[in-house]
Amino acid sequence: MVAQEESKLRVYNTLTARIEEFRPIKGRRVRMFVCGPTVYDYSHLGHARTYVAFDIVARFLRKLGYSVFYLMNITDIDDKIIKKAQESGTTAQEIADKYTEAFFEDMKTLNITSVNLYAKATDHIDEIIDQVSVLIDKGYAYEANGSVYYEVRKFKDFGKLSGQSLENLIAGARVEVVEEKKNPEDFALWKAKKEGEPFWQSPWGLGRPGWHVEDTAITMTYFGAQYDIHGGARDLIFPHHEAEIAIAEAITGVKPFVKYWMHTGFLNIEGEKMSKSLGNIIRIRDIVKKYDPMAVRFYLAYTHYRKPIDFTTETMDDVVRAYNRIMGAYRLLCEQSEGNKNELAERADNVMHDFMKEMMYDFNTRNAIASIFRLVDDVYKYGEDSTPQAKAKARRVMEEFFDIIGISPIIATHAEIFENIMDILLSIREEARKRRDWETADKIRSELKKIGIIVEDTANGPRWKIGASMRSIAN
RNA sequence: GCCGAGGUGACAGAGAGGCUAUGUGGCGGACUGCAGAUCCGUUUUACGGGAGUUCAAAUCUCCCCCUCGGCACCA
């Protein structure tokens with residue numbers, strides 16, 4: 001699908017605080033970086049919100065014909081990881097590996113598949129050291145007791161992303177006092193090794209990288225001095241993204257370091273921020289036990305990415321009902337039928353157009369979904385009386401929608417559902433046997449045998465297995 | 001204090017000056033062995049308050065009120 005002339009893609013850019021026409025730096029190629037997780041714990045719904053949002057962005061850009069290189073870092077060395085390792089008596093590496101693996105599992109569960117490359121901080125230590133060295137050479141950074149700090153005052157544009165002046169920032173600061181820093185606002189690029197901490201060799205002695213510089217080191221490795229989209233949640237605007245700009249633009253002199261800065265709104269729980277102290281953190285792996293992961297994904301896409309989401313079970317349940325309405329319509333479209341009405345075909349065309357138009361305006365998934373509901377209405381209204389062609393057309397539109405929103409309607413739990421159906425069927429058969437209703441019991445057994453499922457009654461209850469069918473022998 | 005995002009019908013949430021957003025729920029009806037799904041109708045002055053600009057404002061301007069977030073290693 002190719003972008004229509006009259007509807008150009010528009011994107012809200014935090015840097016300019018405006019919705020702008022999206023034009024990549026290099027033709028149809030888009031380089032997009034999103035701040036990944038610090039792997040010291042399981043990922044929660046807030047992570048899911050942000051990563052689903054950017055997954056949709058990448059999917060939609062590709063749908064428009066852009067070639068997207070989607071890069072995400074993994075912060076696998078950090079204070080919190082080290083702390084956790086010390087508490088649990090293992091190494092930082094083990095903690096990082098464990099939660100990196102868990103993160104990938106969670107991403108897979110939510111069908112977040114559009115990232116081309118995950119880059120770990122610890123795989124880019126050389127590049128980080130290079131950047132820190134250049135910053136020292138250019139006079140933006142200084143070494144103190146084996147640590148290296150970025151001298152924020154040296155970078156004149158500091159604060160341009162968050163719309164703050166350095167003076168204002170300092171006025172409200174509650175920064176931890178570190179003796180060796182020249183100024184309280186300076187941030188660590190390299191941290192000297194402390195007892196019991198992991199470390200790497202550097203020109204300033206043993207130590208480990210600071211947070212902000214890992215992202216610039218990674219993006220410059222794969223993208224160079226400038227790239228198209230940098231994403232992350234709102235809370236990263238300051239100081240993290242501000243610091244990234246300071247590092248990158250000081251090193252290369254190329255401005256802007258990133259053309260479009262995109263930030264997702266926060267996800268709160270019952271009106272409160274998720275936090276350890278409130279004990280209201282909802283992990284991805286827990287929520288998907290209660291709700292279909294695709295419904296969770298739908299829930300996250302149901303609010304525009306820049307708006308805050310207030311998660312409550314009530315709103316989640318509302319959205320699940322809406323989700324089921326869509327899925328019911330899709331099921332109807334998958335059924336065979338022969339009618340002669342053609343309304344659905346025309347509606348499908350209109351909805352496809354509207355859907356794309358809404359997505360074009362800063363990825364307005366909420367409005368895009370609203371347009372899908374207009375198709376859903378008509379599917380229920382005309383579906384059964386429609387021509388196979390009209391149904392096929394409507395089905396294609398819905399599948400296009402699933403594809404962009406990232407919902408896979410064929411749920412990966414078919415095996416699980418199958419097991420449950422067998423349980424139900426066999427329990428009905430057991431009840432029949434207790435009633436000595438042998439006719440029903442035998443019918444169930446013989447019908448199942450016809451489709452290759454063999455039921456055996458044992459002293460411990462019924463068992464079943466899938467036997468070799470005649471067909472598979474023939475093959 | 002500074003910066004930012006918001007305040008829209010019972011609830012959730014889109015609104016790019018003029019065009020019933022949408023979803024969920026409630027109520028009434030159709031269909032139905034029951035339940036569910038679906039359909040039809042209904043919930044017919046929704047835009048935090050006040051000024052202003054305009055033929056026309058939820059949308060633009062100004063003032064005020066309220067909520068939430070960020071303010072130095074949080075997605």
Side-chain angles (χ1 to χ4, degrees), chain A residues 7 10 14 17 19 34-38 40-41 43-54 72 75 78-80 103 150 152 158-159 161-165 167-176 178 181 183-188 191 209-214 231-240 242-243 263-268 271-276 298-299 302-304 306-310 312 314-326 328-329 331-332 354 357-358 360-362 364-374 376-377 379-381 383-384:
Chain A
S7 50
R10 279 159 218 282
T14 308
I19 289 181
V34 173
C35 286
T38 300
Y40 71 101
D41 208 338
S43 299
H44 54 62
L45 255 191
H47 296 106
R49 200 274 159 99
T50 295
Y51 300 132
V52 164
F54 287 108
M72 184 180 285
T75 303
D78 151 280
D79 290 354
K80 286 203 264 311
F103 173 71
Y150 190 104
V152 172
F158 197 82
L161 186 65
S162 53
Q164 294 270 66
S165 68
E167 290 68 41
N168 287 337
L169 288 166
I170 293 165
R174 43 184 193 214
V175 58
E176 187 190 354
V178 179
K181 282 192 200 173
N183 312 291
E185 69 273 14
D186 296 349
F187 59 85
K191 293 180 170 187
W211 179 36
H212 313 303
V213 70
E214 81 175 58
R234 294 209 67 76
D235 58 332
L236 296 180
I237 295 174
F238 189 88
H240 184 50
E242 208 72 76
H263 293 98
T264 51
F266 244 61
L267 182 139
N268 297 314
E272 284 175 315
K273 190 175 168 175
M274 255 193 270
S275 72
K276 283 238 161 85
F298 182 75
Y299 175 84
Y302 202 58
T303 302
H304 182 76
R306 279 191 281 122
K307 293 281 176 84
I309 296 179
D310 187 23
T312 65
E314 287 78 17
T315 58
M316 182 72 213
D317 289 344
D318 278 1
V319 174
V320 166
R321 283 186 280 264
Y323 175 80
N324 286 341
R325 185 171 158 80
I326 292 176
R331 259 194 59 77
L332 212 66
D354 288 351
K357 199 178 110 206
E358 297 298 350
M360 288 288 205
Y361 198 78
D362 197 28
N364 196 331
T365 49
R366 178 67 189 221
N367 267 358
I369 290 168
S371 68
I372 286 300
F373 275 108
R374 288 193 277 277
V376 166
D377 282 348
V379 169
Y380 284 121
K381 212 177 280 181
E384 293 189 334

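A quick note: this is a predicted structure, and the numbers were derived from the prediction, not measured. So you know, we letter chains A, B, ... as the sequences are listed, proteins then strands, and number each from 1.
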Practice task
Would you mind classifying the nucleic acid contact of A:Leu267 as base, sugar-phosphate or nothing, using non-hydrogen atoms under 4.0 angstrom?
Solution key: base
Exercise for the section: Look at all strands and tell whether A:Glu358 reaches a base, only sugar-phosphate, or nothing, counting heavy atoms closer than 4.0 Å. Expected result: base
Completion exercise
Here the gap from A:Ile326 atom CD1 to A:Ile369 atom CD1, rounded to the nearest 0.5 Å, amounts to 6.5 Å
Exercise for the section: At under 4.0 Å between heavy atoms, which parts of nucleotides 18-31 of chain B does protein reach? Answer with one letter per nucleotide, 5' to 3': B base, S sugar-phosphate only, - none. Expected result: ---BBSSS------
Practice task
Kindly indicate whether the side chain of A:Arg234, heavy atoms from C-beta on, has any atom under 4.5 Å from the side chain of A:Pro308.
Solution key: no
Practice task
Examine distances only and state if a side-chain atom of A:Glu358 and a backbone atom of A:Ser371 form a donor-acceptor pair shorter than 3.5 Å.
Solution key: no
Completion exercise
Against the side chain of A:Lys307, the closest entry in B:C73, B:G6, B:A75 is B:G6
Exercise for the section: Assign A:Thr264 to base, sugar-phosphate, or nothing according to its heavy-atom contacts below 4.0 angstrom with the strands shown. Expected result: nothing
Fill in the blank from the handout: Whole-Å distance, A:Asp79 CG to B:C74 C1', equals 13 Å
Completion exercise
Taking Watson-Crick and G-U wobble contacts under 3.5 angstrom, with | marking pairs to another strand and [ ] crossing pairs, the secondary structure of RNA chain B is written (((((((..(((.....[...)))((((((.......))))))....(((((..]....))))))))))))....
Problem - Residue mapping more 5' on RNA chain B - nearest nucleotide basis, A:Phe187 or A:Leu236 - result: A:Phe187
Handout entry: Pairwise C1' distance, B:U59 and B:U32 [rounded to whole Å]
Key = 47 Å
Practice task
Choose from B:G4, B:C39, B:G6 the nucleotide whose nearest atom is closest to any side-chain atom of A:Arg234.
Solution key: B:G4
Practice task
Could you please name the option among B:C73, B:A14, B:A75 that lies closest to any side-chain atom of A:Ala188?
Solution key: B:C73
Practice task
Decide yes or no, distance alone: a donor-acceptor N/O pair under 3.5 angstrom between the base of B:C74 and the side-chain of A:Lys80.
Solution key: no
Handout entry: Near-ring test A:Phe158/A:Tyr150, centroid separation under 6.0 angstrom
Key = no
Handout entry: Separation of B:C73 P from A:Tyr40 OH (nearest whole Å)
Key = 13 Å
Practice task
Give one of base, sugar-phosphate or nothing for A:Thr38, where a contact means two heavy atoms less than 4.0 Å apart.
Solution key: sugar-phosphate
Practice task
Kindly indicate whether the side chain of A:His263, heavy atoms from C-beta on, has any atom under 4.5 Å from the side chain of A:Leu161.
Solution key: yes
Exercise for the section: List in chain and number order the residues that pass salt bridge (charged side-chain N to carboxylate O under 4.0 Å, His left out) with A:Arg325, two or more places apart in sequence or in another chain; answer none if no residue qualifies. Expected result: A:Asp377
Practice task
Provide, to the nearest angstrom, the distance between the CE atom belonging to A:Met360 and the C1' atom belonging to B:A16.
Solution key: 15 Å
Exercise for the section: Taking atom P in both B:C73 and B:C68, compute the distance separating them and give it to the nearest angstrom. Expected result: 23 Å
Practice task
Pick base, sugar-phosphate or nothing for A:His304, based on heavy-atom distances below 4.0 Å to the nucleic acid.
Solution key: sugar-phosphate
Practice task
Scan A:Gly328 against the nucleic acid and name what it touches under 4.0 Å (heavy atoms): base, sugar-phosphate only, or nothing.
Solution key: nothing
Practice task
Side-chain contact test, heavy atoms from C-beta onward, threshold under 4.5 Å: evaluate it for A:Phe238 versus A:Gln164 and give yes or no.
Solution key: no
Practice task
Rounded to whole angstrom, note down the C1' distance from B:G48 over to B:A58.
Solution key: 12 Å
Practice task
Describe the nucleic acid contact of A:Lys381 in one word from base, sugar-phosphate, nothing, applying a heavy-atom distance below 4.0 Å.
Solution key: sugar-phosphate
Handout entry: B:U8 to B:A21 separation - C1' atoms, rounded to the nearest Å
Key = 12 Å
Practice task
Have a look at A:Tyr361 and say if it touches a base, only the backbone sugar-phosphate, or nothing, with a 4.0 Å heavy-atom cut-off.
Solution key: base
Exercise for the section: Answer whether the closest heavy-atom distance between the side chains of A:Leu45 and A:Met274 falls below 4.5 Å. Expected result: yes
Problem - Pairwise C1' distance, B:C47 and B:G17 [rounded to whole Å] - result: 15 Å
Exercise for the section: Using the P atoms only, state how far B:A5 lies from B:U61, rounded to an integer number of Å. Expected result: 13 Å
Problem - Closest-nucleotide 5' rank along RNA chain B - winner of A:Gly163 and A:Ile309 - result: A:Gly163
Practice task
Tell whether A:Thr315 reaches the base of B:A12 with its side chain through a donor-acceptor pair below 3.5 angstrom.
Solution key: no
Exercise for the section: In whole angstrom, give the distance that lies between atom CZ of A:Phe238 and atom P of B:A72. Expected result: 7 Å
Exercise for the section: For A:Tyr380 and A:Ala329, indicate whether the former's side chain and the latter's backbone hold a donor-acceptor pair under 3.5 Å. Expected result: yes
Exercise for the section: Taking the side chain as every heavy atom from C-beta outward, state whether A:Lys80 and A:Asp41 have any pair of such atoms under 4.5 Å apart. Expected result: no
Problem - Spacing between A:Leu169 atom CG and B:C71 atom P, to the nearest angstrom - result: 11 Å
Problem - Between B:G52 and B:G15 - P atom distance, rounded Å - result: 29 Å
Practice task
Using whole Å, report how far CG of A:Asp362 lies from C1' of B:A5.
Solution key: 14 Å
Practice task
Would you please confirm or rule out a distance under 4.0 Å between OP1 or OP2 of B:C68 and any side-chain N or O of A:Asn268?
Solution key: no
Exercise for the section: Please check the phosphate of B:C73 (OP1 and OP2 only) for any side-chain N or O of A:Lys191 closer than 4.0 Å. Expected result: no
Practice task
Could you tell me whether A:Lys273 and A:Asp235 make a salt bridge, using a distance below 4.0 angstrom between a side-chain N and a carboxylate O?
Solution key: no
Handout entry: B:G6 to B:A16 separation - P atoms, rounded to the nearest Å
Key = 11 Å
Problem - Any side-chain heavy-atom pair of A:His304 and A:Asn364 under 4.5 Å - result: yes
Exercise for the section: Looking at every strand, decide which applies to A:Asn324 at a 4.0 Å heavy-atom threshold: base, sugar-phosphate, or nothing. Expected result: nothing
Practice task
Rounded to the nearest angstrom, tell me the gap between atom CG in A:Asn168 and atom P in B:G4.
Solution key: 10 Å
